[in-house]
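What follows is a set of notes on a single structure, which appears directly below.
In what follows, chains carry the letters A, B, and so on, assigned in the order in which the sequence lines appear, proteins first and then strands, with residues in each chain numbered from 1. Note: hydrogens, waters and symmetry copies are ignored here, and every other heavy atom, side chains too, is used.
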Amino acid sequence: MSRRDRAVIFDVQRFSVHDGPGIRTVVFFKGCALDCAWCHNPEAVRPTPELTYWRDRCISGCRECVEVCPETALFDRIEARIAWSRCTHCGLCAQTCPADALVMVGREVGQRELLDEVVKDREFFATSGGGVTFSGGEPVLHSAFLGDFLPLARAEGLHLAIETCGGAPWELLEPLLPSLDLVLYDLKVMDTALHQRLTGKDNVQIHEVLRRLLARGIPVEVRMPVVPGHNTDDGNIRATAAFLTGLGVDRLSLLPYNHLWEAKLRALDTTRRPLGIRAPEPDFYRELESRFEASGIQPYR
Amino acid sequence: MLETSKGCVAQADAWVPAPDPVCEMPPRLSRLREALLDAPYSLCSQKAELLTQWFRTHDPGPPLTRLLAPWHFALMRGAMTRNLAEGQPQTRLQLRASTALQRLYRGLDRDGEPLVVRFARGLAHVLEQMALTVYDDELIVGNLSSQRIGAPIHPDFGGVLLLPELRSLATRRVNPLRTSEEQIRRLEEEIFPYWFTRSVMARTPLHSSDPTLANTLVRGRDFLLTQFAGISHVTPDYPAVLSKGFTGILGDIEAARRRAPDAESQAFYQAAAICAQAAIRYGARWSRHLRAQSARQSDPARAAELADLAGIFERVPARPARSFHEALQSLFIAHVMVHQESFQHGVSFGRIDQYLYPYYARDVQAGALTRERAVELLGCFLGKAAEQLPLFNAMATEFFSGLSSASGLTLGGSDASGRDASNELTGTILQAYDFMRLRQPNLHLRLHDGSPLELRHLAMETLKKGGGMPGLFNDATIVPALERGGATSQDASDYAIVGCVEWGVPYKSFPAAGAAFVSLPAILDDVLHGRDAAAAGDQSSGRLHGGVASARFADMDALWAALREAMAARIRHAVDGNESIEAAHRLYRPTPMLSLIVGGCVESGRDVTAGGAHYDSTGMQGVGLADVADSLAAIERVVFEEKRASFSELVAAVDADFDGHEALRSRLQLKVAKYGEDVGAAERWAERVASAWCELVAGHRSGRGGNYAAGFWTMTTHVGFGRRLGALPSGRRRGQPLSDGISPTNGSDRRGPTASLAAAARVCGNGVANGLALNEKLDPWFVAGEAGTRMMDDLTRGYFRCGGQQVQYNVLDAATLLDAKLHPERHRGLVVRISGYSAYFNDLTDEMKDDIIARTAHAGPPSSCASGPVCQMPPRDSQ
């Protein structure tokens with residue numbers, strides 16, 4: 001599915017300070033190997049560019065989009081602007097919309113174009129020990145593209161990290177490793193059946209890929225996206241700690257839960273439903289950290 | 001050892017380790033700070049009264065002038081009130097008649113003693129008569145004005161601009177000043193009527209080719225010329241005062257005088273000698289006064305302090321300083337004397353951690369000075385420097401909000417060989433500032449590759465507490481800019497900041513750095529409407545609805561050519577006006593006191609106003625750079641590339657302030673990447689406009705013999721110009737503030753600080769001879785902790801590696817600012833960075849308060865995204 005010369009990304013975010021060391025630029029690839037119930041970037045799941053509709057920005061009386069839509073999928077009423085069933089995500093309306101109410105998420109980039117974007121902050125990478133992180137979606141699904149891109153970026157002297165859920169086959173990740181300085185590796189939940197239910201896939205391969213990765217000796221930072229009530233029970237914490245200890249890993253990054261993704265759903269062509277989890281208080285994380293510590297795992301702070 | 005968490009001064013290995021870091025604010029400094037924050041602001045007319053007294057006695061003027069002037073004054077007063085207070089332009093007839101009368105007065109002036117000598121004698125009289133006041137707890141004395149915090153009026157320059165507002169000064173809403181009935185009476189009846197025929201303000205029109213210049217300036221749309229008020233903006237050779245004393249300087253004057261070639265320089269030397277002698281007598285006066293105060297003092301500890309000070313004044317400023325305390329006192333009293341001559345703006349201290357260090361080190365080594373004592377003395381000094389205000393009328397208050405006298409004080413940096421020049425005193429001064437946290441002086445820190453990590457982190461820690469100081473300057477890009485401007489590399493490497501951000505060679509330059517501010521978007525507006533920018537000053541704001549006129553731009557090249565030509569014309573207009581002001585200074589208001597302590601003047605026998613300084617230049621600032629760049633990028637994209645609107649449609653929408661054109665405005669604003677997003681097109685335009693500006697400005701020479709020097713700093717002129725300008729193609733609405741300095745427009749830095757810093761670095765360059773200011777606002781949560789300190793340092797160094805020249809950080813959260821606007825009483829000492837200077841938030845106009853609040857904070861609340869830009873808006877259709 002992945003092409004060598006082009007890839008669909010949905011953002012290049014500069015000045016990221018949470019995805020690896022220093023000041024980083026994060027490239028978000030579109031398309032994912034999992035389908036997590038709490039996905040923070042629901043607009044990243046579909047592998048192709050897609051239309052989003054942000055009703056609050058729409059200018060009343062403006063109907064430029066209605067006029068350009070070749071599928072008659074757009075209507076005059078701001079509250080019921082789109083018939084998603086007819087929309088082909090061609091993007092003509094987004095080009096026309098003066099208000100950024102209709103916005104395409106995802107665009108194709110070529111190797112050179114992406115390189116030009118990620119080198120913009122190279123001086124800041126240099127002063128902060130930062131670099132570029134490839135995220136998504138699941139960047140490993142773009143292995144063919146990255147296989148060419150990473151050596152180019154490396155030749156520019158950039159520190160390179162990838163952020164993966166491990167849901168892609170080892171054969172796709174493996175060829176990328178020689179050009180990578182760091183792998184940020186997500187573990188969601190230990191119980192295989194629960195993993196299947198929450199993410200659409202079991203975690204057998206995910207655990208296997210992590211094992212192989214660690215065996216290669218490349219720096220790996222294991223991370224757990226905290227989903228209160230889903231992976232924060234004692235059973236999961238103990239199981240995660242035991243699994244990591246077994247692999248010789250004694251540290252873990254806890255990624256705080258953010259419920260803002262639910263607000264995006266309204267703008268998307270999706271059937272995904274909100275989970276209704278409130279963002280927990282900071283005390284919750286302190287307590288969580290100490291429970292991991294008690295199990296022999298030191299969280300990164 | 002670095003103990004920033006406790007607020008202790010950090011020490012780098014490269015520094016002399018200080019034995020006793022000061023962690024607690026000395027109680028004396030707490031009391032001084034409170035007293036300063038409590039002191040009311042007052043109008044000071046002491047210098048005006050004393051100088052006028054001397055002149056009315058010794059130089060009353062010819063009888064015919066005395067006969068005509070009161071009548072002329074009364075007539076003009078009415079016209080001036082209407083012009084200044086109501087914005088009603090003066091008629092050509094009025095202006096011509098007034099100029100004719102001024103020409104007559106000038107012709108009637110009798111030959112007497114040379115003018116420069118008269119002004120020297122006048123200054124000597126002021127120094128002999130001015131009140132001496134010692135306030136509680138002070139260890140450094142001297143009075144910049146007759147009140148604790150005063151705004152002196154200078155009738156010999158442009159003080160008459162205050163005439164229509166004198167009676168409302170005490171009750172005006174923004175920056176009220178205490179006045180007295182008697183003070184106002186004297187100004188109205190004795191002082192202004194005298195200077196009305198001979199001030200800089202009065203005589204400027206005699207040298208201007210634009211008869212309606214006064215109207216252009218009051219209109220405040222196109223450009224501002226500030227030097228009616230005085231030139232100031234200079235770093236005097238205070239180190240020479242410390243090392244030679246005025247006795248030594250007097251010796252230099254006498255030696256040079258014997259070689260003086262002509263009557264003009266003879267006159268200058270005579271004046272300079274009078275000033276130096278006056279300075280020596282002034283010190284002696286202080287000594288006697290302090291001795292008497294000490295004798296009257298019931299508290300023996302305080303009596304001893306005053307007696308010590310009396311002893312110090314027996315020595316300085318007449319003779320070379322020997323101790324740190326003598327040096328600081330000598331420095332401050334010289335600063336006081338300079339301000340009895342000319343306007344309170346931008347008179348700066350230079351690299352004080354360099355020239356004070358020998359005194360400091362010697363005392364410390366001899367065991368005569370502890371670090372606590374040094375901090376205490378420095379705190380007293382910083383407090384004194386905050387005691388004065390510039391006097392602004394209502395219009396100037398809008399353009400220069402915040403009451404900053406902008407006395408710059410430069411720290412750190414490298415020496416001529418590129419080695420780090422910072423020392424223990426550098427950190428000690430930062431520590432003293434951290435305790436005082438007053439709105440001025442302006443702290444500036446020079447940084448280079450060899451700046452110690454501990455010093456950089458100490459600066460960031462200081463910035464993190466708010467207040468916006470120190471401003472940060474990049475040696476690697478500023479030194480070459482000065483060399484290109486003509487400075488030797490030795491001199492360039494010794495640069496210091498004048499006023500806000502104006503880099504220059506200290507101690508021997510007369511940079512006139514704040515001379516002119518030009519609205520760049522107003523030029524673009526004229527071009528879009530087919531108005532002739534050269535004639536713009538002469539029109540009474542009638543807007544031609546120029547859809548047709550502007551249709552002549554077939555492409556961006558045509559538009560750019562017209563804009564460049566219009567910029568050149570506007571610069572010529574402003575230069576012409578400024579030259580007339582500078583001619584008036586040169587011919588009618590020399591400043592011998594300042595001249596004798598600006599390097600080059602004593603050697604050349606010429607006043608600073610006549611080009612006596614070793615280096616000369618005149619600063620001209622471009623205001624609203626980002627607005628022009630954004631507008632050009634928007635026109636290029638929407639009109640020429642996408643053809644979604646015609647030129648005429650665009651101009652019609654702009655003229656309608658986008659009423660009924662919401663979709664077009666939205667497209668211009670949202671669908672075109674703005675300067676600061678670092679996407680490309682807007683930055684290219686910013687670069688193009690900036691380099692054209694620098695080139696065109698540098699093509700002019702001043703009457704003093706120096707080049708005009710381009711800058712991009714705004715004070716709050718971006719608010720004043722913005723209020724007087726219609727909508728712009730960038731989507732900015734009528735009346736909204738323009739962008740400040742080289743900062744992106746508010747809200748256009750949404751791609752984070754690296755993008756806006758990298759974008760800003762592109763307009764920095766060797767052509768920027770007069771400084772620039774970049775405001776970055778950072779949220780306190782973001783820079784919290786050691787990681788935040790490192791982050792600020794990493795950002796700064798990254799920006800500097802990109803070619804950046806200056807940046808200033810405002811670390812404040814919007815909630816605090818909003819609360820301060822609602823409850824000023826709760827935020828008395830809240831200092832915010834404005835442009836190249838800081839001010840108490842409470843001293844700002846409402847518009848400026850809103851502007852500060854609107855300046856985007858980078859990055860929202862902590863992103864807790866598992867992955868991805870959850871907290872961001874969705875990415876938009878990139879170019």
Open item on the list: Please classify the contact between B/R665 and chain A as side chain, backbone, both or neither, with a heavy-atom cut-off of under 4.5 Å.
Closed with: neither
TODO: Let me know if B/Y799 has heavy atoms under 4.5 Å from chain A in its side chain, its backbone, both or neither.
DONE: both
TODO: Check whether more than 12 heavy atoms from other residues, nucleotides or ligands sit under 6.0 Å from atom CD of A/E281, and answer yes or no.
DONE: no
Open item on the list: Looking at B/D449, I want to see if its CG is surrounded by more than 12 non-hydrogen atoms of other residues, nucleotides or ligands under 6.0 Å.
Closed with: no
Open item on the list: So which residue, B/D794, B/L668, B/T796, ends up with the most heavy-atom pairs under 4.5 Å with chain A?
Closed with: B/D794
Task: Top contributor to chain A interface from B/A758, B/A787, B/A755 [non-hydrogen pairs under 4.5 Å] - done: B/A755
Taking all non-hydrogen atoms of both residues, which atom of [X] and which atom of [Y] are closest, and how far apart?
X      : Y      : answer
B/L795 : A/F124 : O-CE2, 3.3 Å
A/V12  : B/R751 : O-NH1, 4.4 Å
A/K120 : B/D678 : NZ-O, 2.6 Å
B/E677 : A/R14  : O-NH1, 4.1 Å
B/K671 : A/D100 : CD-OD1, 3.3 Å
A/A99  : B/S666 : CA-OG, 3.1 Å

TODO: Please state whether the side chain, the backbone, both or neither of A/T25 comes within less than 4.5 Å of a heavy atom of chain B.
DONE: neither
- [ ] Under 4.5 Å heavy-atom distance to chain B, tell me which part of A/V17 shows up: side chain, backbone, both or neither.
- [x] side chain
TODO: Find the distance between CD (A/E123) and CZ (B/R797) and round it off to the nearest 0.5 Å.
DONE: 11.5 Å
Open item on the list: Please rank A/V26, A/T133, A/I59 by heavy-atom pairs under 4.5 Å with chain B and give me the top one.
Closed with: A/I59
Open item on the list: Any non-hydrogen side-chain atom of A/R57 less than 4.5 Å from a side-chain atom of B/L670?
Closed with: no
- [ ] Using a 4.5 Å cut-off on heavy atoms from C-beta on, say whether the side chain of B/R667 contacts that of A/E64.
- [x] yes
